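From a predicted model like this one, the values you see are computed outputs, not experimental measurements. Convention: sequence-line order gives letters A, B, ...; per-chain numbering from 1.
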Amino acid sequence: LAKTTQPISMDSYEGQEVNITCSHNNIATNDYITWYQQFPSQGPRFIIQGYKTKVTNEVASLFIPADRKSSTLSLPRVSLSDTAVYYCLVGDVNNQGGKLIFGQGTELSVKP
Amino acid sequence: DVKVTQSSRYLVKRTGEKVFLECVQDMDHENMFWYRQDPGLGLRLIYFSYDVKMKEKGDIPEGYSVSREKKERFSLILESASTNQTSMYLCASETLGAGEQYFGPGTRLTVT
């Protein structure tokens, strides 16, 4: 399973755009990239998933370059409520019983 | 909305006790997972199941067993609880091929 590397922590201010980059040099052909968000005392929550290029939903955008060795989660105009831990995962979602590995995540702190 | 429920939010057990953690999902998902989460270590997969009576070991299965007798229910068993199993335990489920795991609220287990 591909290992991911992302910053341990990031700080931002309300209204700014936040970009969290994840490195996954050993990504396999069938692997997808998935991001989760976790608030204190809650389970993680799915944010976005992609395979290549760009994916956008109502919460975030995910940018994946052609070589797929990294990806960037972009949160537009963050608010205090976006303070959370963000996890980048890489895995073959179509593999029966496929596993995803959660790393340590990036702790995002949004300040007023 | 998908709902994943866990039998307890908080649990205190003594060393050597047998502990059962129950997880139920209401969306007919094939895959179910048990993780533990510890500060500085992120989420680590203990066991997962992709069908009734099927199970596979995750990254840290030692000291744990699981049971999946019905599709909606996945139980984690600590045969003889030890203090190093004090942790937050999270259950998740997903539809095969979706890559989007739905998490329960977690059970904070303390073993004294």
Single-linkage hydrophobic cluster, 4.5 Å side-chain cutoff, A:Phe63 and A:Val59 together
no
So for B:Arg9, is it side chain, backbone, both, or neither that comes closer than 4.5 Å to the heavy atoms of chain A?
side chain
Part of B:Leu90 lying under 4.5 Å from any heavy atom of chain A
side chain
Can you tell me which of A:Gly105, A:Gly43, A:Ser41 forms the most heavy-atom pairs within a distance under 4.5 Å of chain B?
A:Gly43
Bottom line for B:Glu30: the part with an atom under 4.5 Å from chain A's heavy atoms is neither
Flag if over 12 foreign heavy atoms under 6.0 Å of CZ, A:Phe39:
yes
Can you establish whether the number of heavy atoms outside B:Glu72 located under 6.0 Å from its atom CD is more than 12?
yes
Should the heavy atoms of other residues, nucleotides or ligands under 6.0 Å from NZ of A:Lys111 be counted, would the total exceed 12?
yes
ILVMFWY network linking A:Ile27 to A:Ile20, side-chain heavy atoms under 4.5 angstrom:
yes
Show the nearest heavy-atom pair for residues B:Gln37 and A:Tyr87, with the distance to one decimal.
NE2-OH, 2.9 Å
Verify the cluster assignment for B:Tyr47 and B:Leu109: are they in a single hydrophobic cluster under the rule of side-chain heavy atoms below 4.5 Å apart?
yes
Working to the nearest 0.5 angstrom, can you tell me the gap between A:Phe46 CZ and B:Phe103 CZ?
12.0 Å
Residue pair B:Gln101 / A:Leu89, side-chain heavy-atom distance below 4.5 Å
no
